[in-house]
K.L.:
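Quick one: the structure is below, and I'll ask about it shortly.
No experiment lies behind these values; they were computed from the predicted model shown.
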Amino acid sequence: TNFDISKISWVRSNLNIFKDNDSNLLNVQFTSIDPFISILLSNEVAQEYLSYQSISKESAGFFSAEYYQEKVNDLKKSQEILNKKILDFEKDNEFYNTKVDDLESEINQNQNEIRELQLDKNEKLKVFKIKHPEIIKIIDREKILLKRMSDLNYEVNKTRSIQSQLSAYVSEKSVNDQLIATYLNKLLSVSSFNQSDAKVMENAEKAQFINKNDALKRILISLGVTILLVLFYILFIVLFDILSLKNKIQLISQIKDHT
């Protein structure tokens with residue numbers, strides 16, 4: 001299809017579309033010297049907008065709703081898998097949220113007890129020898145506590161490693177949650193778009209001159225041009241008749257001369 005760029009530019013330069021501040025109404029105005037053309041183009045632009053919106057719904061709205069719904073369904077399936085994976089991981093590793101804190105709290109308690117035992121041992125060494133049963137009892141208790149602290153530190157490191165792996169699953173679940181929320185919002189937007197039907201509230205049925213003086217001037221100019229054309233036509237006819245009459249007179253004169 002070949003488009004007349006000059007006509008398109010003319011339409012665009014004289015077309016005015018604006019929205020009401022307190023509503024969703026779009027107003028279409030067209031300015032031309034011919035009221036009929038202004039009415040016709042204003043109505044045609046409005047109808048073309050409705051056709052464009054209908055096509056947009058079919059190409060974007062309907063298919064987008066299906067697309068987003070499919071995405072939400074897939075993400076929900078992934079969410080179920082991630083939830084099960086997290087629960088199984090916590091169960092298999094006997095993990096709970098405060099486990100590291102509980103282990104570190106027990107380590108601190110053991111450290112405090114060891115300090116108290118050392119103080120008690122130092123006091124008793126002032127009285128007893130190193131092999132005294134009281135001293136040996138304290139040393140044995142220190143060994144038990146140190147062994148327990150070693151085990152606790154190992155558990156803390158192991159739990160931190162488990163926590164790191166679990167955090168990866170939780171992060172993946174969080175991203176999945178955000179994606180679900182995003183696609184649900186898009187699905188809601190598309191559904192709202194599909195339910196919003198534009199329609200023409202009022203067709204243009206009359207036009208008015210923006211500047212009456214300018215309109216009168218244009219009418220006078222058109223009338224003047226018409227009168228000039230008529231005068232030129234009459235002058236042409238008169239000249240043609242004069243030339244024809246002159247030719248007839250010359251022809252009659254030539255015939256008389258021959259006779």
K.L.:
Flag the pair L40 / F30 as yes when at least one side-chain heavy-atom distance between them is below 4.5 Å, and no otherwise.
P.N.:
no
K.L.:
Does the side chain of Y49 reach to within under 4.5 Å of the side chain of L26, using non-hydrogen atoms?
P.N.:
yes
K.L.:
Establish whether V127 and I130 are linked, either directly or via other cluster members, by ILVMFWY side-chain heavy-atom contacts under 4.5 Å.
P.N.:
yes
K.L.:
Going by the side-chain hydrogen bond (donor to acceptor under 3.5 Å, both in side chains) test, which pairs reach into residues 154-164, not counting sequence neighbours?
P.N.:
E104-R160
K.L.:
Is atom NZ of K91 surrounded by more than 12 heavy atoms (other residues, nucleotides or ligands) closer than 6.0 Å?
P.N.:
no
K.L.:
Identify the two heavy atoms, one from S42 and one from V28, that lie closest to each other, and give their separation to 0.1 Å.
P.N.:
O-CG1, 3.8 Å
K.L.:
Out of curiosity, L179 CG to D74 CG, how far, rounded to the nearest 0.5 Å?
P.N.:
11.5 Å
K.L.:
Should the heavy atoms of other residues, nucleotides or ligands under 6.0 Å from OH of Y233 be counted, would the total exceed 12?
P.N.:
no
K.L.:
Measure the shortest side-chain to side-chain distance between I107 and N153 over non-hydrogen atoms and say whether it is less than 4.5 angstrom.
P.N.:
yes
K.L.:
Looking only at heavy atoms, which two atoms of I139 and K121 are closest? And how far apart?
P.N.:
CG1-CD, 4.1 Å
K.L.:
Roughly how far, to the nearest 0.5 Å, is CG of L15 from CZ of R12?
P.N.:
9.5 Å
K.L.:
Going by heavy atoms in the side chains, are K186 and K71 under 4.5 Å from each other?
P.N.:
no
K.L.:
Quick one: do M149 and I138 end up in the same hydrophobic cluster if we chain Ile, Leu, Val, Met, Phe, Trp and Tyr together by side-chain heavy atoms under 4.5 Å apart?
P.N.:
yes
K.L.:
Taking the side chain as C-beta and beyond, is there a heavy-atom pair between K76 and I180 under 4.5 Å?
P.N.:
yes
K.L.:
Could you go through K173 and N83, starting from their C-alpha distance and side-chain angles, then the distance that decides it, and tell me whether this counts as side chain to side chain contact (heavy atoms under 4.5 Å, CB included)?
P.N.:
CA-CA 8 Å; K173 180 179 178 296; N83 286 332; 2.6 Å; yes
K.L.:
Between Q69 and N73, does the side-chain hydrogen bond (donor to acceptor under 3.5 Å, both in side chains) criterion hold? Intermediate values first, please.
P.N.:
CA-CA 6 Å; Q69 186 61 61; N73 293 338; 3.2 Å; yes
K.L.:
Which heavy atom of K131 sits nearest a heavy atom of I136, and at what distance?
P.N.:
O-CD1, 3.1 Å
K.L.:
Please tell me whether L223 and I234 are part of a single hydrophobic cluster in this structure, the criterion being side-chain heavy atoms less than 4.5 Å apart.
P.N.:
no
K.L.:
So, taking the atom named CZ in F36 and the one named CG in L41, what distance separates them when rounded to the nearest 0.5 Å?
P.N.:
9.5 Å
K.L.:
Side chains of V45 and I17: does their closest heavy-atom pair fall under 4.5 Å?
P.N.:
yes
K.L.:
Is it true that I144 and I114 fall in one hydrophobic cluster, defined by side-chain heavy atoms closer than 4.5 Å?
P.N.:
no
K.L.:
Is D120 close to E116 at the side-chain level, that is, under 4.5 Å between some pair of heavy atoms?
P.N.:
no
K.L.:
Could you give the distance from CG (L117) to NZ (K137), rounded to the nearest 0.5 Å?
P.N.:
10.5 Å
K.L.:
To the nearest 0.5 Å, tell me how far L235 CG sits from L228 CG.
P.N.:
11.5 Å
K.L.:
Determine whether more than 12 heavy atoms belonging to other residues, nucleotides or ligands lie under 6.0 Å from atom CD of E70.
P.N.:
no
K.L.:
For L146, is there any backbone N or O sitting under 3.5 Å from a side-chain donor or acceptor partner on S150?
P.N.:
no
K.L.:
Flag the pair E172 and K85 as a salt bridge only when some basic side-chain nitrogen lies within less than 4.0 angstrom of an acidic carboxylate oxygen.
P.N.:
no
K.L.:
Are L125 and F128 joined in one hydrophobic group, where the rule is that I, L, V, M, F, W and Y side chains link up if heavy atoms are under 4.5 Å apart?
P.N.:
yes
K.L.:
Clusters formed by hydrophobic residues whose side-chain heavy atoms approach within less than 4.5 Å: which one holds I86, and what are its other members?
P.N.:
F89, F95, I162, L166, Y169, V170
K.L.:
Hey, is CZ on F232 packed in by over 12 heavy atoms from elsewhere, all under 6.0 Å?
P.N.:
no
K.L.:
Taking S105 for its side chain and D101 for its backbone only, find out whether a donor-acceptor pair lies under 3.5 Å.
P.N.:
no
K.L.:
Starting at CG of N176, measure out to CD of Q178 and round the result to the nearest 0.5 Å.
P.N.:
10.0 Å
